Amino acid sequence: MTRPVPSAPVVPTHGRLRPLGLNDVQITGGFWAQRQRVNAAATLTHIGDRLESEGWLPNFDLAAAGRLPEGRRGREFADSEVYKYLEALAWEVGRSGDRALDARLRAVVARVAAAQESDGYVNTAFGRPGQEPRWAHLTWGHELYCLGHLFQAAVARHRTVPDADDGLVTLARRAADLVCETFGAGGNPGVCGHPEIETGLAELGRALDEPAYLAQSALFVDRRGHGVLGDTPWGREYFQDDTPVRQAHVLRGHAVRANYLAAGAADVATENDDTALHDALRTQWERTVARRTYLTGGQGSRHEDEAFGEDWELPGDRAYSETCAGVGSIMFSWRMLLADGDARYADLIERTLYNVVATSPAEDGTAFFYANPLHQRTPGTVPDPTETSPRASSSLRAPWFEVSCCPPNVARTLASLDAYIATASEDGIQVQQYASARVRTTVPSGAEVALDIDTRYPADGEVRIAVAADASFTLSLRVPAWAEGATLHVLTADGTAVEPARRVAAGVYARIEREFHRGDVVTLMLPVAPRVTRPDPHIDAVRGCIAIERGPEVLALESVDLVGVDHVDDVVAVAGAVPVEHDGRIWLPVARRSGHEDLWPYASVEPSASVDPGEVALIPYHSWGNRGSSTMRVWIPTV
């Protein structure tokens, strides 16, 4: 039986799980549906307008008219933001069928195609009279990086509208053929300083059934780590050229580059049945999560080189935790999930979605965080909505950045999010992320599965799944690792319990294997009560602190909610503090911090807190910074 190819960003030819795409799953309500509505109605328009006003899209018009380099604007990688925007449009059109967005996509494709040269090369920063030659600066030029994003845009269009006549897929194919001709075996032995071409080529090869693209991706993966890119002020690990991928034990260097490379390597490992490569990637994922990942799921602790620090180097106030690194982490984890079927990958995806991806955009979808620190010491100023901000320079969300990779990266992730809700295996369906959704698909056994998921998650932990068609299959529900005490019960259409409600283990899948009938209801109850989290003692920067989590959300203390205290650093959690939930909010017992009043900030006496403790309301970390200038912290000291 031939099944339609899922409309999804990643569709491996084999693996433990296969994704269910936009043609199988539609998010219908709740937290993520609201985010998708804002993304479609406001964010995509905002991005398109800024690409125009910043000159990054008009660069293609200048190229087509033969007027470059004069008038070109933006960094050498500005083309990539146009391609990520195209990808976001393609997924959103596939999700909603919006004709206006489809027309916008076609118009942008036409402008890019007009700038493509006869042999398939397309880039506005290199290769024309008055510009540096093609491929002359692979270390920093980002030519292949840009093309990788073009290929992912083409995949999105091909998967959602296979018969589209706009020319995007043809444009990408011509460019990919040129890359293979130029960089194939016996050709240019270089790699791009910023990984992305590996993932783009691998997925384009899957989508178009072109083995040469996957072979070229594998070449790029195996070339890296042999010093082909030279050195940088931060060492060769900055772009993962210090150690071959197969020999590395942890992600290191520039956090976005590291995750993009790992995602591309995971594609290669899966398609080539390369067990050794896959084992190496699993080891890298495990150690990175255990020692180099923030509570929020964010990755990258160093501002100077946007990089991972050493093991346990996770300062809250200096956390960089770039939004794009979060997107890259999801890309890597998703590929590992499809290959291994292990719930812990989906756990990290959930954590990163709620606490990095959801944190970046403002409530109105037109301003963004570039970096996501866990501790903001200095109140920021509201950026001018007409200005372009230096990246990570503001403690409040900015409408655009000189390096504005994060807004379109968030947009393409939200537009394709339906494809991350569920997966299928030989015998059934796995629900990986919880949102109200409609699932209609056929599993490999031939069973036609119809499920309607209804939940207010993460506002509460009840996930109700109604079966809409008779079918025999195994339904697996991910129980997050934090969800100790979760319960599951199954009722038939007439309310009869199939079995007594039972507790299910955290960190794995709860499985129900039976012949389901229309009207059956499966209910998973996840305990989303607030809980206290303590850091590993190796993490010096937050030793002696606690954080509060509720369900998948990390909570934060924001100065807006303080009474009689001006700064979040002036309060401490009361010893043994237990968060409580009332009046629709989470409250934590705190006290005013007292310090040494001398001019010397050190003494033999332990600092104490005042004797007049009170309560302060906490907010989800993803919502901080929406109420004006403030200070904020996730890790709260205790006394």
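Just the heavy atoms: all of them, side chains too, but no hydrogens, waters or symmetry mates, feed the values below. Given the structure is predicted, the values throughout are model-derived calculations rather than measurements.
Electrostatic pairing of E237 and R252 does not count as a salt bridge here, judged by no charged N lying under 4.0 Å from a carboxylate O. Salt-bridge formation is detected for the pair E203/R206: a Lys NZ or Arg NE/NH1/NH2 atom is positioned less than 4.0 Å from an Asp or Glu carboxylate oxygen. Using a cutoff of 4.0 Å between basic side-chain nitrogens and carboxylate oxygens, D317 and R633 are not scored as salt-bridged. Using a cutoff of 4.0 Å between basic side-chain nitrogens and carboxylate oxygens, R287 and D311 are scored as salt-bridged. Between E313 and R318 no salt bridge is recorded (no basic side-chain N to carboxylate O distance below 4.0 Å). Under 4.0 Å is where a charged nitrogen must lie from a carboxylate oxygen, and between R585 and D561 at least one such pair does. In summary, R344 and D347 do not engage in a salt bridge, as defined by a charged side-chain N under 4.0 Å from a carboxylate O. Between D267 and R335, at least one side-chain nitrogen of the basic residue sits less than 4.0 Å from a carboxylate oxygen of the acidic one, meeting the salt-bridge criterion.
With R257 contributing its side chain and G193 its backbone, the two residues share a donor-acceptor pair below 3.5 Å. With E198 contributing its side chain and Y260 its backbone, the two residues share no donor-acceptor pair below 3.5 Å.
Contact of the E306 side chain with the W234 side chain is not registered, since no non-hydrogen atoms from C-beta on lie closer than 4.5 Å. Under the 4.5 Å side-chain criterion, counting only non-hydrogen atoms from C-beta, K84 is in contact with C405.
Relative orientation of the H194 and H142 rings is tilted, given thresholds of 30° and 60° on the angle between their planes. Using cut-offs of 30° and 60° on the angle between ring planes, the pair Y354 and Y457 is perpendicular.
Of the candidates L588, D569, V568, V572, I636 forms a side chain to side chain contact (heavy atoms under 4.5 Å, CB included) with just one, namely L588.
Atom CZ of R503 is surrounded by 12 or fewer heavy atoms from other residues, nucleotides or ligands within 6.0 Å. Atom NE2 of H249 has 12 or fewer heavy atoms from other residues, nucleotides or ligands within 6.0 Å.
Y238 has its ring centre less than 6.0 Å from the ring centre of W140.
Between the side chains of W32 and Q36, not a single donor N or O lies within less than 3.5 Å of an accepting N or O.
Note that CE of M336 is 11.5 Å distant from CG of L348, once rounded to the nearest 0.5 Å.
With sequence neighbours left out, the side chain to side chain contact (heavy atoms under 4.5 Å, CB included) criterion links L314 to Y294, I539.
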